[in-house]
Structures are given as C-alpha cells and as structure tokens.
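Since the structure comes first, as structure tokens, the remarks are kept for the end.
This structure is a prediction, so every number in the text was calculated from the model and none was measured.
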2 protein chains.
Amino acid sequence: MKEELTDRQKEILDFIQQYTFVNGFPPTYREIGKHFNISSTFGVKRHIYALVKKGHLTNESKTSRTLSIIDEGLNKSRQVLDNIVGLPIVGRVAAGYPLLAEENIEGNMMIDSSLLSSKIGCFGLKVRGDSMINAGILENDLVIVSPQKEAINGDIVVALLHDEATMKKFEIRENKIYLVPENEKYKPIEVDNVEEFSIIGKVIGVFRTYN
Amino acid sequence: MKEELTDRQKEILDFIQQYTFVNGFPPTYREIGKHFNISSTFGVKRHIYALVKKGHLTNESKTSRTLSIIDEGLNKSRQVLDNIVGLPIVGRVAAGYPLLAEENIEGNMMIDSSLLSSKIGCFGLKVRGDSMINAGILENDLVIVSPQKEAINGDIVVALLHDEATMKKFEIRENKIYLVPENEKYKPIEVDNVEEFSIIGKVIGVFRTYN
DNA sequence: CATAATAGTGTCCTTTTGTTCACTGCAATA
DNA sequence: TATTGCAGTGAACAAAAGGACACTATTATG
C-alpha cells in the first residue's frame with residue numbers, strides 16, 4: 001500500500017507528524033518550508049503531493065492546515081477506542097444517594113464493549129459476601145451491573161431492600177418476590193414490603209482476578 | 001483551574017474535540033458555526049474566547065485551524081490506550097501447535113490492564129467442562145491465562161497432559177504433581193509421566209457474561 | 001426594574017494560505 | 001548524451017479564514 005519515501009520526504013513527514021503532535025494541529029506549507037529552508041511553497045507542495053500519492057498523508061480539503069497523517073497506529077487507536085467502554089466502579093450502593101454520585105465512585109475500568117450485551121449506564125460493583133457462591137460469584141469479584149428496574153425469573157439482580165443493597169437471584173413464585181441466595185448457608189428472602197424494595201440492576205457480567 | 005462551562009460551551013468544546021479527533025486537524029470558525037447553525041463567525045469566536053479564557057482551549061496563533069484542546073481529552077485517549085491491552089482469545093489448546101497460531105485465534109478482547117497483574121503474553125481461553133465449578137469458574141467462562149512454565153501450590157493452571165489441555169488446580173504433595181479439579185464429581189489426576197506434562201500458563205482472571 | 005451574562009446576526013476588512021506557472025540545478029540512468 | 005525524477009526559486013493570485021464593530025434577543029439575578 002504505502003510506497004517507499006525518499007529521505008527528504010521522510011524528513012518532511014516526520015516534521016508534520018511531530019508538529020501536529022506538539023501543537024494539536026498540522027503545519028501550513030509555509031511553516032514547513034520555513035523549517036526546512038524551502039522558500040517557495042511550491043517546493044513544499046510537491047513534497048506533500050508525493051506523500052499523499054504514496055499513501056502517507058491525507059490532504060483533502062484544499063484549505064489551510066488540513067494535512068492529516070495516515071498512520072495505522074493512530075487509526076487503530078481510534079477503532080480500539082470505539083469498542084472500549086469505561087465503567088465506573090461503584091463502592092457502595094445505598095438508598096437515597098444517586099448511585100453514581102462522585103463520592104461513590106471508587107475507580108474506573110475499561111472493557112471491550114463486545115464482551116457486554118448492553119453498554120449503557122453499566123457500572124462495576126465489588127461483591128461482598130459469599131451468598132452467590134454457587135452461581136460462580138465469589139467475594140471480591142467485580143460484577144458488571146446493567147441498571148434496570150425490572151427483572152425476570154432467574155436474573156441475578158442487585159437490589160435495595162430496607163435501604164440495604166444485596167445481590168441475589170430474582171424469583172417470583174405465586175405472586176411473591178423472593179431474593180434467592182446461591183449458597184446453602186443462606187435462606188431465600190421473601191420480599192414482604194414491596195414499598196421498601198427496588199431493583200437497581202441486573203448482573204450481566206462477572207470479572208475476577210487472582211493475585 | 002478550569003472554570004465551569006455553559007451547556008453551549010460544552011457542546012462546542014465537544015464538537016471541536018470530536019472534529020479534531022476524526023479529521024486530524026481542528027475546525028475553522030465557520031465549520032463550527034455551520035454545525036451549530038451559527039451564521040456569524042463572531043458568535044463562534046466569542047464561544048472560543050470563553051473556552052480559552054476558562055482554560056479549556058488554546059488559540060495562540062490567530063491563523064486558521066489553530067485551536068488546540070488543552071484538556072486531557074486528547075491525552076486521555078492516549079492514556080486510555082496505554083492502559084488497554086488486547087488479548088487474543090484462543091479457541092483450542094493443543095500440543096505441537098504454536099498456541100497463538102492464527103488459526104487458533106477466535107477473536108480478541110480488550111481489557112483494562114489495571115485489572116490484570118501481568119500483561120505480557122496473556123490470552124483468553126473459553127472454559128469447557130465444569131471441573132472448576134467450586135472455584136467459581138463455570139463452563140463458557142473466559143479465563144485469562146498468563147503463560148508460564150512453572151506453578152506453585154494452589155495455582156489454577158492450564159496444562160497439557162497427554163496432548164490434551166485441561167484447567168485444574170496445581171498441587172504438589174510428596175513430590176508428586178496433582179491436577180485437582182474443583183468439583184466433587186471428579187477426582188484429582190496424578191501426573192505420572194512428567195514427560196507428557198507441561199504447564200501452559202496460570203489463570204489470572206475470569207470473565208463471564210450473562211446473556 | 002435595571003444590569004449582567006450569554007447567545008446570535010450581518011457586514012466589512014486584512015491576513016493567511018493554498019494554487020499555479022515558468023524556470024533552474026542536480027543526480028542517476030538508459 | 002538525452003531523459004527522467006527529485007528538489008527548489010520567485011512571483012502573482014484567488015479563496016479561505018480570523019478579527020472587529022454595531023446591533024438584537026433571551027435569561028437570570030440583585
């Protein structure tokens with residue numbers, strides 16, 4: 001794709017790249033010329049033309065400072081960025097607080113959006129306790145929560161019950177809501193007072209690291 | 001340092017940032033105006049002035065397309081990139097094959113390096129079977145493997161035994177190597193022939209998604 | 001109510017910038 | 001030797017872009 005450059009062309013390409021990096025915008029022909037002691041813009045222009053023709057540079061708009069270096073590295077970073085979502089890691093889930101209030105954010109994680117089915121508004125939450133151990137969710141795991149108010153049978157949800165946050169399996173039996181732990185040590189919780197119960201979101205992912 | 005922006009100013013800053021990111025050079029006043037239906041360059045100029053005064057933008061040279069965003073914005077994308085590592089997802093682990101041969105790669109995932117202790121040479125592996133269920137690793141989970149030849153007691157390792165890949169807990173008792181499943185259904189495997197045994201790597205992370 | 005602060009219009013002006021053209025010099029090469 | 005490709009000069013020109021000014025409209029606030 002990209003053809004070989006002459007030494008001079010390479011120098012000029014490097015200058016454009018560095019200038020752009022430092023300043024945040026590309027140089028004009030005259031600025032390039034000044035740097036290389038090329039007094040005529042035409043001399044510069046022919047170098048640019050060569051760089052464009054050889055596939056190292058873009059110069060589409062004819063107006064000033066519109067040189068753009070074609071760099072797979074940079075493009076890659078753009079593509080990568082598109083697929084990356086940043087999730088806040090929430091320290092505590094409490095009633096009354098806006099969940100993502102700044103004081104609740106413990107950190108951030110970046111994750112490939114292809115690993116998540118939904119990506120809007122998700123956040124990470126560190127697991128406390130071992131009540132979901134049989135579902136493969138251990139203490140200190142990081143669960144990824146997709147905020148939603150409803151749930152269906154079998155969903156693992158993060159919910160507020162009596163102003164306390166828990167993560168359990170959501171089940172409805174005979175019109176009663178149960179929060180079912182996945183650990184023989186604990187018993188299902190029957191939600192008696194629906195007023196004091198609300199679903200924060202559904203667990204859509206689990207992440208754990210060793211050491 | 002940076003003062004609060006009005007909504008409009010925020011919009012315009014965002015546009016400049018995005019434009020610059022996409023094109024490789026910043027927009028002109030008229031381009032900004034066109035995007036926001038501001039017909040006069042002066043209207044745009046005052047926004048720019050405000051952004052500069054509030055410390056979000058640089059506009060030193062008076063010539064065209066010389067806006068430069070001060071924010072971590074651009075830097076952020078670089079910083080973010082630095083923290084992102086791309087892991088190949090390996091379909092099968094087999095003897096004799098170079099592990100990361102192209103035909104073995106099923107996909108890629110991006111992940112925040114802060115979530116990983118080690119980041120060199122790691123790869124993702126889809127879990128088959130339920131032998132590690134008590135360690136919270138379920139079938140179809142994606143484990144992140146750090147390649148290494150050695151292991152210590154208690155490590156969860158991916159290993160080749162008789163040309164077959166397994167994931168088990170690594171244990172040495174009385175000079176014998178055992179591969180211990182974390183599931184009552186299965187019995188520990190004693191490694192009798194060390195010749196036919198090799199450790200691929202250590203599991204340093206687990207990732208799972210629901211639905 | 002008066003006063004800022006923010007937001008926008010339209011016009012005119014000057015500078016910057018890219019474009020074009022004709023011409024020169026040099027080195028490699030067929 | 002003639003040709004080709006690269007590199008540069010100098011001047012003249014039109015388009016693009018930023019700057020300035022006077023004026024209007026809206027909204028919040030003391």
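When the local axes at the two ends of the helix from C:dC1-D:dG30 to C:dA30-D:dT1 are compared, using 5 base pairs at each end, they differ in direction by 30° after rounding to 10°.
Summarising the geometry, the separation between CG on A:Leu67 and P on C:dG18 is reported as 7 Å, rounded to the nearest angstrom. Summarising the geometry, the separation between CG on B:Asp7 and P on C:dT6 is reported as 13 Å, rounded to the nearest angstrom. Summarising the geometry, the separation between OH on A:Tyr49 and P on C:dC21 is reported as 13 Å, rounded to the nearest angstrom. Summarising the geometry, the separation between CZ on A:Arg30 and C1' on D:dA17 is reported as 14 Å, rounded to the nearest angstrom.
Remark: B:Asn37, B:Ile38, B:Ser39, B:Ser40, B:Phe42, B:Gly43, B:Arg46, B:His47 in residues 37-47 of chain B come within less than 4.0 Å of DNA chain C through at least one heavy atom.
Look at A:Thr63 and you won't find any side-chain N or O under 4.0 angstrom from OP1 or OP2 of C:dT17. Residue A:Arg65 has a polar side-chain atom (N or O) positioned under 4.0 Å from OP1 or OP2 of C:dT17.
Checking B:Thr66 against B:Arg8, the closest nucleotide of DNA chain C that is more toward the 5' end is the one next to B:Arg8.
Counted within 6.0 Å of CG on A:Asp7, heavy atoms from surrounding residues, nucleotides or ligands total 12 or fewer; the atom is thus considered open. Atom OH of B:Tyr49 sits in a sparse spot, with 12 or fewer heavy atoms from other residues, nucleotides or ligands closer than 6.0 Å.
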Checking ring pair (Phe, Tyr, Trp, His ring centres under 6.0 Å) for the pair A:Phe25/B:Phe25: CA distance, chi angles, key distance, verdict?
CA-CA 5 Å; A:Phe25 46 83; B:Phe25 46 82; over 10 Å; no
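Ion pairing between A:Glu139 and A:Lys126 fails under the 4.0 Å rule for side-chain N and carboxylate O. Taking the charged nitrogens against the carboxylate oxygens, B:Lys202 and B:Glu150 have no contact shorter than 4.0 Å, which rules out a salt bridge. Using a cut-off of 4.0 Å between Lys/Arg side-chain N and Asp/Glu carboxylate O, B:Arg8 and B:Glu11 are scored as salt-bridged.
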Taking distance alone, no hydrogens or angles, what donor-acceptor pairs closer than 3.5 Å link side-chain atoms of residues 176-192 of chain A to residues at least two apart or in another chain?
unit_1	atom_1	unit_2	atom_2	d
A:Glu182	OE2	A:Lys169	NZ	2.9
A:Asn183	OD1	A:Lys185	N	2.9
A:Asn183	ND2	A:Asp130	O	2.9
A:Glu184	OE2	A:Asn134	ND2	2.8
A:Lys185	NZ	A:Asp130	OD2	2.9
A:Tyr186	OH	A:Asp130	OD1	2.7

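In this structure, the side chains of A:Leu125 and A:Met167 stay at 4.5 Å or more apart for every pair of heavy atoms.
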